[in-house]
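Below: one structure in structure tokens.
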Amino acid sequence: MIKNSDNAKKSVFNAAKWSSITEIAAKLASPLVFMILARIIAPEAFGVIAIITMVITFVEMFTDAGFQKYLVQREFKDKKEKYQNANVAFVTNFLLSILLWGIIAIFSKNIAGLLGNANLYFVLIIACVQLPLTSFSSIQIALFRRDFDFKTLFTVRIISAFIPFIVTVPLAFAGFSYWSLIIGTIIVHIFNAILLTIKSDWKPRLFFSVRILKQMLSFSTWSLIEAISIWLTIWIDSFIVGYFLTDYHLGIFKTSTTLVNTLMALFTASTVPVLFSALSRLQNDEQNFIRVFFKMQRLVSVIVLPIGVGVFLYSDLITKILLGPEWHEASGVIAWWGLSSALMIVFGHFASEVYRAKGKPKLSFFAQTLHLVILIPVCIISASYGFWALVIMRSLIRGQFILVHLVIMKKVMGISILRTFKNVLIPLSSVVVMGLSGFLLKQFSESNLWSFFSIVTCALIYLIMIMTFKKLRVEILSIIFRIIPKRFLLVSNSLRKLI
């Protein structure tokens, strides 16, 4: 447990550092895999993977049942109680995964037919072997996150990130199409389950307590309901694309959004778990709770907002480099999804962590429900007008989700909407200038060389504007000097005095 604000800052920083290193290193591998596979496997095959992933992520919510968040958020009196809860979570998770895998196997043809491709029933059965494997790793990950031990997760994540290069890519070259992705994913889950169990102090044991399960479910039931609503928000658009359009369109849509999400996850996947862990420990310290929330939001906005605008402006170049000429239609999806994702991360995602850290997942479920009420009919109606109408409306409707979060944060958490925007006013105004500059530069030429030049120019414009504000400059430089060892920093003493 974090006992004071100094320890809190130190623990959060160390956790954020290792989590960031982990995610950046791991996520850098993903675009490389995309670049290779997109040139070997047809978009239709990625559509098949999207359908399989849709089912697996839905079932995984029930096998986990919100136990991960419970183990991170809950305050235990000692290690024995923590491990007992972990064992109950593991046993429940494992048994549920076996049960649900069996149900999927029995009704696989019906499920595949509902998702628009009845021929995928056997693929679905094989792919779901990862469900019981996940039960071994999910509890371990929760315990490591609870203890801010992101350094251990770094080793596991790095190795698993490069497994596709030695499994998935060779199988794709051999002509295994979507099977290469499925087999590679299963291998990753096997590796994670083994290595995390070896490195963890807690080992799975056949311990069970109905009393503990009831306590866990009292929290986790709402976390599960919230997770279902989040799953619907993430996947309902893919379901509608697959049902009303084709596997090709689904492949284009899901691959494009996944590519953007992977890019954004360099920062969200490294900061969100740390933020949740930190806020959970500070849930009874209102002043530091709000301070940590705003600082994390501000620092992430400095990086995420220019990336979102940059993706919107240069989506054609990104598509050419990462996916290849066969994916030219992906450019528009990447552009709209990149811009809306940046805004969603800064003003929406962090709000959900605030609700959970305060032990109020009901608020997140309420926000998701209000969004789904608008999202589902908008997607269905826009799909009738074609693929691009759906893409644009799906991106724009995220603005409604942001508004819902802002209102809940104001009414329930007491966090002012005005203060939220003032907190990111500097990066927000800077990125507007950067975006306008990029738009004007693009008018001169569409060549790749000029695009690279204009990207560098936009980055310099943004950096200059950001660094002119002393408070933000101090925060950024402080983090840089704490992450990188001093002996590797070739900076002048005058620059160090800026901190």
Side-chain angles (χ1 to χ4, degrees), residues 50-73 93 96 100 115 131 134 138 141-142 145 217 219-242 253-254 257-258 260-262 264-265 267-277 279-280 300 337 340-379 394-395 397-409 412-413:
I51 293 172
I52 300 298
T53 306
M54 191 188 309
V55 176
I56 291 175
T57 53
F58 181 74
V59 176
E60 280 180 341
M61 291 186 303
F62 293 93
T63 58
D64 178 68
F67 294 153
Q68 263 202 10
K69 293 183 178 67
Y70 174 86
L71 291 173
V72 174
Q73 198 268 347
N93 192 331
L96 277 174
L100 291 171
L115 297 174
L131 293 175
T134 304
S138 64
I141 291 172
R145 286 178 176 173
L217 289 176
F219 171 89
S220 299
T221 298
W222 274 106
S223 289
L224 175 60
I225 294 172
E226 177 209 3
I228 294 172
S229 64
I230 293 173
W231 181 90
L232 284 170
T233 303
I234 294 172
W235 285 99
I236 192 64
D237 47 13
S238 298
F239 176 79
I240 291 171
V241 171
F253 180 81
K254 200 59 189 176
T257 55
T258 299
V260 172
N261 292 341
T262 299
M264 295 298 183
F267 310 100
T268 58
S270 62
T271 55
V272 167
V274 175
L275 180 64
F276 176 60
S277 298
L279 294 182
S280 295
V300 169
W337 198 253
S340 62
S341 292
L343 296 172
M344 188 66 209
I345 289 168
V346 174
F347 297 108
H349 285 180
F350 284 174
S352 296
E353 303 311 309
V354 171
Y355 311 148
R356 298 187 194 105
K358 283 288 189 179
K360 297 180 179 180
K362 294 180 183 179
L363 293 176
S364 182
F365 169 71
F366 179 67
Q368 299 287 341
T369 302
L370 287 178
H371 183 50
L372 285 168
V373 168
I374 306 297
L375 175 63
I376 294 174
V378 166
C379 284
R394 175 65 184 94
S395 299
I397 204 63
R398 300 175 94 181
Q400 180 262 348
F401 201 10
I402 292 173
L403 180 61
V404 169
H405 277 302
L406 290 173
V407 172
I408 293 176
M409 291 284 278
V412 182
M413 295 298 169

Which atom of His371 lies closest to which atom of Arg398, heavy atoms considered: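 For His371 versus Arg398, the nearest heavy atoms are CE1-CA, 4.2 Å.
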Separation between CD1 of Ile376 and OG1 of Thr233, rounded to the nearest 0.5 Å: 8.0 Å
Met54 backbone acceptor or donor facing Trp231 side chain under 3.5 Å: yes
Gap separating the CG atom of Asn93 from the CG atom of Leu131, nearest 0.5 angstrom: 9.5 Å
Side chains of Phe239 and Leu232 in contact at under 4.5 Å (non-hydrogen atoms):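 Counting from C-beta outward, Phe239 and Leu232 never come under 4.5 Å.
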Side chain to side chain, Met413 and Ile408, heavy atoms closer than 4.5 Å: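 Sidechains of Ile408 and Met413: no contact.
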Gap separating the OG1 atom of Thr369 from the CG atom of Leu375, nearest 0.5 angstrom: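 So the gap between those two atoms works out to 12.0 Å.
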Straight-line distance of Leu343 CG to Phe401 CZ, nearest 0.5 Å: 14.0 Å
Non-hydrogen atoms of His405 and Ala351 that approach each other most closely: ND1-CB, 3.7 Å
Over all atoms of both residues, closest heavy-atom pair of Val260 and Ser341: CG1-OG, 4.0 Å
Inter-residue atom distance Phe365.CZ - Leu370.CG, 0.5 Å rounding: 9.5 Å
Ser340 to Ser395 - nearest heavy-atom pair and separation: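 In terms of heavy atoms, the two residues are closest at CB-O, 3.6 Å.
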Euclidean distance, Trp235 CH2 relative to Ile51 CD1, rounded to 0.5 Å: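 The CD1 atom of Ile51 sits 9.5 Å away from the CH2 atom of Trp235.
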Ile234 versus Lys254, closest heavy-atom pair with distance: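 The answer is O-NZ, 3.8 Å.
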